[in-house]
Amino acid sequence: MPTLDRVALLLALMVIVGTVIAYRRRAETPDGFVRGGGRVPWWMAGSTAFMTQFSAWTFTGAAQKAYEDGFSVLMIFWGNALGFLLAALYFAPRFRRLRVSTYSEIIRMRYGRFTQLFYVVSQILLTLMTASIALYGVSLFLGAVFDVRVAFVTLVIGAVIICVTLIGGVWVVSANNFIQMVQLAVLTFVVGGFGLWLAADADMTVVGGDRDFWIGGDDYSLGIMLAWSAAMLVKQCISINNATSSYRFLTTNGDRDARKAAALASILFVVGPVSWFIPPWLIGQAGIDLASLYPVLGEDAANAAYVHFIRDYLPPGVLGLVVAAMLAVTVAPITTSLNRDAGVIISLLTPLLGASERLGQRLVAIGRAFGVFQGSIIVMLAIALGQVHHLSLFDIMVMFGVIFQMPLALPAMLSIARTGAPDWAGWGGVLVGILVTTSSYRWLDVEALGHWLGLPPIHPSQLVDIKLAVSLVLQVVSVVGFVYLARFIHASRRSTSRQAEVDELFARLERPVAADTSPDRSGPSRELAPRLVLCVALVSLLLAVLADTWLGAGFFVVVALCQLVVSRLLKR
């Protein structure tokens, strides 16, 4: 790695450290630790919503999909855009109206305490797995950059995650998410623009005009590609708009801010993915053999499509910023999840611990200790994932999401719907979803089904896609149907207090939350975020001064100007 890249990496990491230090004192009380007193600005909450659906996996596993199959990868991210649009129109303000601190309280109000505990344990296990997949993804990326063992990179990043968790709190997480979102969005937009300029100047092609780019190959089925795309849109919408994901909006200051936060995330997911995937599209259309260039990655060599473009086509210094950004966007979602789970533990323990003057400090310490424990397990699981060679990182991420995330998401999504379902339908729906999806994925013979329906032969590489799509359809139909029909199977009469809790949930949904306009003396200064963005812009200007080519200087000046515009908008 050239010297300027090392300088860029060091400066970017200093920005992360500065952000954490600036907001560290906002997590000294349980309420401040879990939801920031409900006063987190909408643009911070929207950035968190965006960053939690975005990680370094986008530039490794998803970049592999873009490199190999072209256009279809956009469906996942446009599914996020559609999901957040639905959140802005309906789900986000309604989750905020429930006036709770954690998702587990929503589950308890709708499905009872047993289902609450079932969800807490399941969600913690899910956090461990999804976070380890994300950590493994960025370790692959950085391993390709530095030409070192993936396990070593995993240990180093894991240490960073654990250190951030020790400081923790929603203000630290949200502020870091916002700063890194600004840096990453500007950087990737400029990189995408540079790719378009390069394509025009060097007579390269970004968007292929043949069937390979739009569908995936001459012998690929258009119908299967469309079915998979529709399944991904539905999957992402459900993943975003369920109670377990509501923590993104519980920190906002009222209905209006919740809507604006979701709308910001939706807009970012409409325009962002196109610029993200220009580099791997260019590499793919150019026919560059990544397997021969990155033999250390073996079958995962296509994960290096994005880093290869940066290393070979962009000026020195950009690689360092991108490496720092990949590290940041991996740490941010993981620490967000750890903070969410720590908040749930705090809320569960609060009524069990006797009142005392130091109760708040004890609860925050317990939350941080639990986060460190989770972080350690995540590192070990990420190292273990490195031994799985028969599946691509993209397939691991998508398959795991369909088999395990969706069964938890569907009953949680229906928690604010008047289904008339008894309490046991919550955990029962999860088990039905896992059983149906696992069975269909394991025993469903797609080729035989296609032959029975009179369809043409299915390309082997599309078997995974169609299995995922069919499994998702079966899961949605079975789980939603089960939740709605569960009352006809068995519905014992709720106790008076339990029925009152359910009635209170639906009553709160009808009562909007107005913004609290009183001064927030315990929160951070509103001038802090624009100042941090200004520091990021100054870092970019310094890199422009240090650049050894006019092209490099111009690149960093454009990045700095965009960041200065963001800082100026925040001051207004």
Side-chain angles (χ1 to χ4, degrees), residues 4-5 7-23 41-51 54 56 58-59 172-197 264-265 267-269 271-276 278-279 310 314-329 331-332 524-547 549-572:
L4 187 58
D5 285 309
V7 172
L9 175 59
L10 178 61
L11 292 174
L13 291 177
M14 289 175 63
V15 171
I16 297 175
V17 173
T19 303
V20 172
I21 292 175
Y23 284 88
W42 65 267
W43 36 270
M44 268 194 189
S47 300
T48 295
F50 173 74
M51 295 293 279
F54 171 79
T58 303
F59 297 98
V172 170
V173 170
S174 298
N176 188 52
N177 286 344
F178 174 72
I179 297 300
Q180 297 309 317
M181 184 276 291
V182 171
Q183 185 173 4
L184 186 68
V186 170
L187 184 62
T188 52
F189 282 136
V190 177
V191 169
F194 184 88
L196 292 176
W197 173 80
L264 173 62
I267 293 171
L268 289 172
F269 272 116
V271 299
V274 177
S275 67
W276 302 340
I278 286 175
I310 295 167
L314 292 177
V318 179
L319 181 60
L321 285 181
V322 172
V323 168
M326 295 303 100
L327 174 61
V329 299
V331 171
S525 169
R526 290 303 178 96
E527 295 294 325
L528 198 52
R531 289 174 182 171
L532 287 172
V533 176
L534 179 61
C535 290
V536 173
L538 293 177
V539 167
S540 299
L541 288 175
L542 178 59
L543 292 174
V545 173
L546 297 176
T549 65
W550 285 107
L551 179 62
F555 182 95
F556 291 116
V557 166
V558 172
V559 170
L561 289 175
C562 294
Q563 292 164 342
L564 288 172
V565 170
V566 174
S567 177
R568 183 65 178 175
L569 291 174
L570 287 176
K571 288 183 178 180
R572 292 185 178 181

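Here the structure is a predicted model, which is why all the values come from computation and not from measurement.
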**Item:** Steps toward side chain to side chain contact (heavy atoms under 4.5 Å, CB included) verdict (Gln563, Leu534)
**Value:** CA-CA 7 Å; Gln563 292 164 342; Leu534 179 61; over 6 Å; no
**Audit row: Leu184, Trp276, side chain to side chain contact (heavy atoms under 4.5 Å, CB included) steps and yes/no** = CA-CA 10 Å; Leu184 186 68; Trp276 302 340; 5.9 Å; no
**Request:** Run the numbers on Phe194 and Leu551 for side chain to side chain contact (heavy atoms under 4.5 Å, CB included), then give the verdict.
**Result:** CA-CA 10 Å; Phe194 184 88; Leu551 179 62; 3.8 Å; yes
**Message:** I'd like to know whether Val536 forms a side chain to side chain contact (heavy atoms under 4.5 Å, CB included) with Val566, so could you lay out the CA-CA distance, the side-chain angles of the two residues, the decisive distance to 0.1 Å, and finally the verdict.
**Reply:** CA-CA 11 Å; Val536 173; Val566 174; over 6 Å; no
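Across all non-hydrogen atoms, the minimal contact from Ala265 to Phe50 is CB-N, 4.2 Å. Here the shortest heavy-atom pairing between Leu319 and Ile310 reads CA-CG2, 3.7 Å. Ser540 and Ala560 get closest at one heavy-atom pair: CB-CB, 3.7 Å. Between Pro279 and Val191, the shortest heavy-atom distance links the atoms CG-CG1, 4.0 Å. In this structure, Ile179 and Ala529 approach most closely via the heavy-atom pair CD1-O, 4.1 Å. Pairing each heavy atom of Val190 with each of Phe555, the nearest pair is CG1-CE1, 3.4 Å.
When side chains are defined from C-beta on, Leu541 does not count as touching Phe556, because their heavy atoms never get closer than 4.5 Å. Leu321 places a side-chain heavy atom less than 4.5 Å from the side chain of Leu543. Looking at Phe178 and Leu532, their side chains never come closer than 4.5 Å, going by heavy atoms from C-beta outward. Leu327 is listed as a side-chain neighbour of Val331, based on a closest heavy-atom distance under 4.5 Å.
Atoms OG1 and CE, on Thr19 and Met14 in that order, are 11.5 Å from each other to the nearest 0.5 Å. Distance check: Cys535 SG to Leu11 CG gives 11.5 Å after rounding to the nearest 0.5 Å. Here CG of Leu264 is found 5.5 Å from CE of Met181. Values are rounded to the nearest 0.5 Å. To the nearest 0.5 Å, the span separating CG on Leu538 from CZ on Arg531 amounts to 13.5 Å.
Checking Thr48 against Asn177 by side-chain atom types alone, a donor-acceptor pair falls below 3.5 Å.
Within the 3.5 Å criterion, the main-chain N or O of Met44 finds no donor-acceptor partner in the side chain of Ser174.
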